[in-house]
Amino acid sequence: MKVLPTKYDPKNIEDRIYKKWLPYLSVEKHKGTKNFIALMAPPNVTGSLHMGHSLQNTLLDVLIRYKRMNDYKIIWIPGLDHAGIATQNVVEKELKKEGLTRFDLGREKFIKRVWEWKEKYGNIILEQFKKLGISPDWSRTRFTMDKEYVKWVERAFIEYYKKGWVYRDYRAINFCPRCKTSLSDLEIEYIEKEGKIYYIKYPIKDSDEYLTVATTRPETMLGDVALAVNPNDQRYTKYIGRIAILPILNRELLIITDIKVDPKFGTGVVKVTPAHSIVDYEIGVRHNLEMIKVIDEDAKIVNVPEFENMDYLTAREKILSILKQKGLLEKEEDIKHNVPICYRCQTELQVIPSKEWFLKMTELAKIAKDAVKTRKVYIIPNRFKKIYFDWLKNIRDWCISRKIWWGQVLPVWYCKNCEDSYVVSTKKPNKRCKYCKKNQWYRTEEVFDTWFSSALWPFAILYTKKEKDWYPADIVFSARDIINLWIARMIYSGIFFMKKPPFKFVYIHPTVLTKEGKRMSKSLGTGIDPLDLIEKYGADALRFGLIWQTTNLQDLRFDETNVENGMKFANKIYNAIRFYLIRYPEMKKREGFSSEDKKIIRAFNSTLKYVSKNIENFQFSNALKRLYKFFWNHFCDVYIESCKGDTKNNPEVLRMIVINSLKLLHPFMPFITEYLWEEIGNRNLLLHEKWPQQI
RNA sequence: GGGCGGGUAGCUCAGUGGUAGAGCGUCUCGCUUACAACGAGAAGGUCAGAGGUUCGAUUCCUCUCCCGCCCACCA
């Protein structure tokens with residue numbers, strides 16, 4: 001008999017076991033009688049494994065392995081997201097080291113460069129997923145820029161266009177001056193900053209009176225076209241309909257009313273700048289006001305001669321000094337306010353008018369709301385529904401075009417001669433432009449919002465030529481910060497194109513924070529690298545630690561002690577099996593059961609029931625804790641102890657408990673259980689074993 | 001400004017209308033032939049604060065205070 005060392009060392013074992021599984025992970029290799037279909041959130045190609053990925057995929061893998069052992073054929077397709085802006089930024093940073101910008105390379109060469117980068121680094125994260133021990137079908141790995149996938153993206157756009165829900169418009173949008181692209185409402189973050197609010201006097205025409213406007217962005221006054229007050233604000237009733245004079249430029253501004261004006265903020269008088277504020281744009285639409293663009297894509301002033309090409313902050317200073325000179329700056333106050341920044345590069349955003357493509361949200365939002373309301377889709381825990389509904393309730397149309405280079409190109413062709421003439425098509429149109437009558441078209445360079453393609457993920461990967469019956473999935477696991485960015489959009493896209501919601505259950509797992517409750521972040525130095533933990537304690541231990549700590553709360557304060565504990569537990573399992581290997585052959589065969597036998601069988605049965613129920617209900621931590629207690633306390637501390645010396649225990653009970661414990665533990669700690677499964681003499685894979693029945 | 005989650009042992013967290021639980025940590029004792037990454041045992045909490053409902057509240061209700069998150073964006 002081979003004698004195992006007394007300490008379990010996961011190092012070499014885990015890689016070897018994973019290689020052993022690898023050929024058996026594809027859908028075809030397991031003959032389950034029912035399908036269980038899960039969606040992996042495709043990680044960004046820029047990413048490397050972080051604790052959030054680890055938690056999400058570990059939990060899903062627990063469920064997957066459990067289902068696989070319960071006679072389900074598992075369809076779990078891994079993939080990568082091209083992550084438009086994020087990836088483009090990473091490659092731009094690479095270029096910067098060479099002293100280059102993407103504009104030096106030009107579009108074509110730059111995109112080639114991103115592909116090279118993707119080929120080289122894109123798969124790293126998937127390799128890291130393997131270290132974690134998750135078990136998707138790697139033979140079907142997908143990428144959101146695969147040819148097939150791009151076809152889906154184009155088709156979706158065209159379908160929406162035919163429906164009349166996709167349109168092009170010139171309007172005020174959020175723009176990142178560094179990434180040089182438009183952004184959707186969900187791609188904006190806010191940081192609180194110390195700033196100043198300036199009170200500026202706007203003289204009333206043909207009088208000595210004036211109205212004072214409070215603003216944090218005086219430079220945008222160059223684009224003012226009106227002043228607005230709340231219709232119910234008694235203080236200003238007498239000014240409504242009169243004309244104010246815009247200082248410096250002396251433009252005449254009509255004084256109007258709008259319900260969006262908050263009488264309690266500032267002076268209750270608002271300068272209306274439809275070109276450079278989303279709210280003002282909407283006021284502008286209601287009152288049919290002109291948009292005067294005075295800030296451009298570089299955050300510089302345009303269309304105003306004396307400020308031409310001046311940075312917006314320099315222009316602000318100049319404007320303030322002129323106002324001071326003229327006695328029109330009433331006062332300035334310190335203020336803490338939220339400044340919008342780009343979610344990918346943290347640059348302060350500008351609102352500028354731009355021609356962009358929009359997806360009308362009215363109907364789609366309704367579709368998404370109904371799906372959850374009528375329980376076609378369940379969001380778990382239930383309270384996260386609110387985030388979903390609140391967003392859908394106040395939704396604006398979705399700006400889906402981006403002015404970056406990395407992404408799927410819109411299937412849109414513009415006329416070379418006429419600015420607003422276009423054709424929506426995947427192929428170059430062969431027809432005359434209705435304005436210039438010429439047949440000269442060029443493909444746009446605009447690409448899709450990366451989330452537009454993510455929204456199609458479920459059917460783009462599940463509904464293929466070969467496998468038409470895989471859509472919809474049963475479940476998706478998600479972080480709570482992308483409930484709207486991703487989950488909501490998948491739901492309405494899926495229903496719109498496939499007539500069925502893309503999944504039945506959305507399980508929202510907690511966000512992994514540091515033990516101190518801080519966000520894990522590389523730049524703050526608060527991140528913990530899961531690969532370090534795997535190196536130190538083993539993947540099973542990391543999985544154990546993560547599952548152990550998972551609750552239904554919003555956050556999880558990660559405590560490494562639990563991973564260490566996982567390592568100890570792995571060692572405990574290992575040594576219990578050693579005991580079995582050494583003692584079982586020596587034990588006397590006997591009929592019937594001792595009282596200890598009966599006790600452990602009862603404990604096992606109730607554990608089995610509890611663990612199964614809790615996995616099904618997404619209570620992974622409860623399941624693991626119960627299993628831990630069963631194995632360590634009931635089995636090791638009591639039952640195994642009772643097997644020593646002159647025991648009356650039936651060795652077959654010991655054997656049964658060993659075998660079935662490995663099975664129950666397998667979804668949680670797959671490596672060590674598979675390894676020990678082989679050590680106790682099995683030739684087949686534990687991966688494909690059946691989940692135990694009551695003994 | 002609106003909403004959500006949390007405040008229980010030193011730490012991370014369970015939990016219940018009826019004299020508080022786990023893991024880790026701490027302390028004591030044991031290197032007992034699977035495991036010292038172990039075993040046996042112990043200490044440790046006015047369950048954030050105030051009020052209410054109740055025979056009885058950590059658990060239900062109201063308010064307050066702290067911590068975290070989300071949404072709106074302040075012109």
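Quick note on labels: first sequence line is chain A, next is B, and so on, each numbered from 1. As a basis for the values below, the full set of heavy atoms in this structure was taken, side chains included, without hydrogen atoms, waters or symmetry mates. None of the values given here were measured: they were computed from a predicted structure.
Note on A:His276: every side-chain N or O is 4.0 Å or more away from OP1 and OP2 of B:A75. Contact between the side-chain N/O atoms of A:Trp391 and the OP1/OP2 oxygens of B:A72 is not found at any separation under 4.0 Å. Proximity of A:Arg396 to the phosphate of B:C73: a side-chain N or O atom is located under 4.0 Å from OP1 or OP2. Of the side-chain N and O atoms in A:Lys572, one or more sit less than 4.0 angstrom from OP1 or OP2 of B:G39. Taking 4.0 angstrom as the limit, A:Arg583 places a side-chain polar atom (N or O) nearer than this to OP1 or OP2 of B:A34.
With both ends at atom C1', the span from B:C70 to B:U16 equals 31 Å, rounded to whole Å. Rounded to whole Å, the separation between the P atoms of B:G3 and B:A72 comes to 16 Å. B:C31 and B:G25: their C1' atoms are spaced 22 Å apart (whole Å).
Closest of all the heavy-atom pairs between A:Gln549 and A:Arg557 is NE2-O, 2.6 Å.
Residue-level contact check: A:Tyr190 touches the bases, meaning some heavy atom is under 4.0 Å from a base atom. Residue A:Thr216 is classed as a sugar-phosphate contact, given heavy-atom separations below 4.0 Å to backbone atoms only. If you check every strand for non-hydrogen atoms under 4.0 Å, A:Arg217 touches nothing. Within the nucleic acid shown, A:Glu564 has no heavy atom closer than 4.0 Å to any nucleic acid atom. Here A:Lys644 lies in heavy-atom contact (under 4.0 Å) with a base.
Taking the centre of each ring, A:Tyr210 and A:Tyr202 stay at or above the 6.0 Å mark. Aromatic ring centroids of A:Tyr628 and A:Phe544 lie under 6.0 Å apart.
Residue A:Lys193 is tested with A:Thr216, A:Asn338, A:Val339 for a side chain to side chain contact (heavy atoms under 4.5 Å, CB included); the sole match is A:Val339.
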| query | Nucleotide by nucleotide, 5' to 3', does protein get under 4.0 Å of the base (B), only the sugar-phosphate (S), or neither (-) in nucleotides 9-15 of chain B, counting heavy atoms? | reply | --SSSS-

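Rounding to the nearest 0.5 angstrom, the gap separating the CE atom in A:Met669 from the CG atom in A:Leu627 is 9.5 Å.
Residues A:Ala214 and A:Cys636 each lie close to RNA chain B; by heavy-atom proximity, the contact nearer the 5' end of the strand is made by A:Cys636. RNA chain B is contacted by both A:Asp637 and A:Asn565; A:Asn565 maps to the nucleotide lying nearer its 5′ end (nearest heavy atom per residue).
For A:Lys568, counting side-chain heavy atoms from C-beta on, the closest listed nucleotide (B:A37, B:C73, B:A34) is B:A37. In this structure, of B:A34, B:A75, B:A37, it is B:A34 that holds the atom nearest to the side chain of A:Asn575. Distance from the side chain of A:Ile387 is smallest for B:C70 among the nucleotides B:A34, B:G39, B:C70. You'll find that the side chain of A:Ile640 is closest to B:A34, out of B:A34, B:C4, B:A75.
Contact annotation: side chain of A:Asn571 to base of B:C35, donor-acceptor pair absent below 3.5 Å. Taking 3.5 Å as the limit, the base of B:G68 and the side chain of A:Gln554 contain a donor-acceptor pair of atoms between them.
Residues A:Leu676 and A:Thr673 have side chains not in contact (no heavy-atom distance under 4.5 Å, counting atoms from C-beta outward). Looking at heavy atoms from C-beta onward, A:Pro274 lies in side-chain contact with A:Val225 at the 4.5 angstrom threshold.
Using cut-offs of 30° and 60° for the angle between ring planes, the A:Tyr236 and A:Tyr239 rings count as tilted.
Across the strands present, B:U46 finds no partner; the criterion is a Watson-Crick or G-U wobble pair with both atom distances under 3.5 angstrom.
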